[in-house]
Amino acid sequence: MNSKVLLILRIILGLFLLLFGSNKFLDFMPPFELPEAAMAYFGALASAKVIPYLVGIVEIAAGLSLLLNKYASLMMLILMSVSINAVLFHATLDPGNIVPALVLLLLNIAMLYGYKNNYKDILKG
């Protein structure tokens, strides 16, 4: 992948992750209107401190990693679980608000592709 394209994607995804990760702690963005089933699921995750702490920390760490270009390829692997879960949550419980989750997943996949040379040793059998 072109290094300039990778740099732009890295900065966009880093800012995106910092925005949404810090929102889990500071609550500065208005919440989405969620259907009742989604609210029950989200409430259970929030009461177990999964959403505000675990996911928020992963998003902030990944965002900082991308912006500072330190351990970014590792963080993209870790972030993939958050990306897939966000898409699955919205696809099944809140399809009206799936766009940010899809953007996150697509940017995560693009970054994984951009760092594909860093994964060669992991993937060889």
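What you see below is based on every heavy atom in this structure, not just the backbone, and it leaves out hydrogens, waters and symmetry mates.
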**Report entry** Atom CE of M39: over 12 foreign heavy atoms under 6.0 Å
**Finding:**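 It does not: M39 CE has 12 such atoms or fewer within range.
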Hey, what do you get for [atom1] ([X]) to [atom2] ([Y]), rounding to the nearest 0.5 Å?
| X | Y | atom1 | atom2 | result |
| --- | --- | --- | --- | --- |
| I122 | S73 | CD1 | OG | 7.5 Å |
| L66 | I11 | CG | CD1 | 10.0 Å |
| M111 | L6 | CE | CG | 4.5 Å |
| R10 | L15 | CZ | CG | 10.5 Å |
| L77 | Y115 | CG | OH | 11.5 Å |
| L102 | N108 | CG | CG | 12.5 Å |

So which heavy atom on [X] is nearest to which on [Y], and how close?
| X | Y | answer |
| --- | --- | --- |
| L34 | A38 | CB-CB, 4.2 Å |
| N69 | A72 | OD1-CB, 4.3 Å |
| S83 | L105 | CB-CD1, 3.8 Å |
| M76 | A62 | CE-CB, 4.4 Å |
| V55 | K24 | CG1-CE, 3.7 Å |
| V58 | M75 | O-CE, 4.0 Å |

Requested in this report: Check whether any side-chain heavy atom of N97 sits under 4.5 Å from a side-chain heavy atom of F89, and report yes or no.
Outcome: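 No. Closest side-chain heavy atoms not under 4.5 Å.
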Report task. Using a 4.5 Å cut-off on heavy atoms from C-beta on, say whether the side chain of F25 contacts that of I60. Result -> yes
Query raised in the report: Quick one: does NZ or CZ of K116 land under 6.0 Å from the six-membered ring centre of Y119, within 45 degrees of the ring axis?
Result: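 Output no; distance or angle outside limits.
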Please check if [X] and [Y] belong to a single hydrophobic cluster, counting links between Ile, Leu, Val, Met, Phe, Trp and Tyr side chain heavy atoms closer than 4.5 Å.
| X | Y | result |
| --- | --- | --- |
| L26 | F16 | yes |
| V82 | L88 | yes |
| L106 | I78 | no |
| Y53 | L18 | yes |

Report summary line: Residues at least two apart in sequence or cross-chain that pass salt bridge (Lys or Arg N to Asp or Glu O under 4.0 Å) with D27, listed by chain then number, are none
Query raised in the report: For K70, which residues count as a salt bridge (Lys or Arg N to Asp or Glu O under 4.0 Å) partner, sequence neighbours excluded?
Result: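 K70 satisfies salt bridge (Lys or Arg N to Asp or Glu O under 4.0 Å) with no other residue.
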Requested in this report: Carefully, step by step, assess Y71 and L64 under the rule side chain to side chain contact (heavy atoms under 4.5 Å, CB included).
Outcome: CA-CA 10 Å; Y71 305 106; L64 289 173; over 6 Å; no
**Report entry** Qualifying residue for side-chain contact (heavy atoms from CB on, under 4.5 Å) with L104, from V99, L17, I109
**Finding:**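 The passing option is L17.
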